[in-house]
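Read the structure below first, then the notes.
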Amino acid sequence: MHNWSNRANTVVCYGGFVLMVCLVLTTITSYIMYETHYTSKVGPVKIDKFGRVRESEQALLTFDLKADLSKLFHWHTKQLFCYVTVEYVSTKNVVNQVVVWDQIIQTKENATLNLRGAFSEYVLIDQGYYLKGNEVNLTFSYNIVPISGLLTRHTVASYPFKIPTEYVV
């Protein structure tokens, strides 16, 4: 009849199949459960310092950010990676995106952001002299990091503003 190795092989293969079906169902249900109705607002922006450093222009910003991302947390959400970028177009590069602030949110209780006059964690640096007088967008985005599955990026708020034509010291 069947020896012990054939029976063990059958049990292991069946267990692997059941595990694979569970992983596929988990991934599918996580895409269905994400809530997309939440409030977020970014801006206004104040430029605290703007000047030339060697062969680049640098700026330090303060901004307001209000977002309630608590509805994004459910059983399949591990964490959220939130960040604010400055996006602009220059003659040297078609797309320029510079991250000026970021935060990792790991619990639903910490998923409400209410920042007023927040300083940029990172300096806005342009490798060249393309910032002065340029139209830029301050954009708030987040990545959903699931327990298993694909990492998804979402852009939720944008605030257009203009960099000054004179340096601010």
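FYI, the numbering just counts along the sequence from 1. For the numbers below, each heavy atom of this structure counts, side chains included, while hydrogens, waters and symmetry mates do not.
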If you look only at pairs with a residue in [range], which of them pass as a salt bridge (charged side-chain N to carboxylate O under 4.0 Å, His left out), with sequence neighbours excluded?
{"range": "residues 78-106", "answer": "none"}
{"range": "residues 109-133", "answer": "D64-R116"}
{"range": "residues 38-51", "answer": "K46-D48"}

Can you list the other members of the hydrophobic cluster that holds [X], where links are side-chain heavy atoms under 4.5 angstrom apart?
{"X": "M20", "value": "none"}
{"X": "V99", "value": "F81, Y83, I104, Y122"}
{"X": "V123", "value": "L60, I125"}

Holding to side chain to side chain contact (heavy atoms under 4.5 Å, CB included), I want the full list of residues that pass it with V21, two or more places apart in sequence or in another chain.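 For V21 the side chain to side chain contact (heavy atoms under 4.5 Å, CB included) partners, ignoring immediate neighbours, are F17, L25.
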
With sequence neighbours left out, what residues match [X] under side-chain hydrogen bond (donor to acceptor under 3.5 Å, both in side chains)?
{"X": "T112", "answer": "D68"}
{"X": "Y130", "answer": "none"}
{"X": "Q103", "answer": "none"}
{"X": "N110", "answer": "T107"}

Please lay out, stage by stage, how L61 and V86 fare under the test side chain to side chain contact (heavy atoms under 4.5 Å, CB included). CA-CA 10 Å; L61 313 170; V86 175; 3.8 Å; yes

Using the side chain to side chain contact (heavy atoms under 4.5 Å, CB included) rule, take L80 and I144 through it: C-alpha gap first, then chi angles, then the decisive distance, then the call. CA-CA 5 Å; L80 299 175; I144 299 174; 3.7 Å; yes

With a 3.5 Å cut-off and sequence neighbours excluded, list the donor-acceptor pairs that the side chains of residues 155-169 form with protein atoms.
from	atom 1	to	atom 2	distance (Å)
T155	OG1	S141	OG	3.1
Y167	OH	E57	OE2	2.8

OH/Y129: more than 12 non-hydrogen atoms of other groups inside 6.0 Å: yes

Can you name the nearest heavy-atom pair linking F73 to I105, along with the distance?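 Heavy-atom minimum between the residues: CZ-O, 3.6 Å.
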
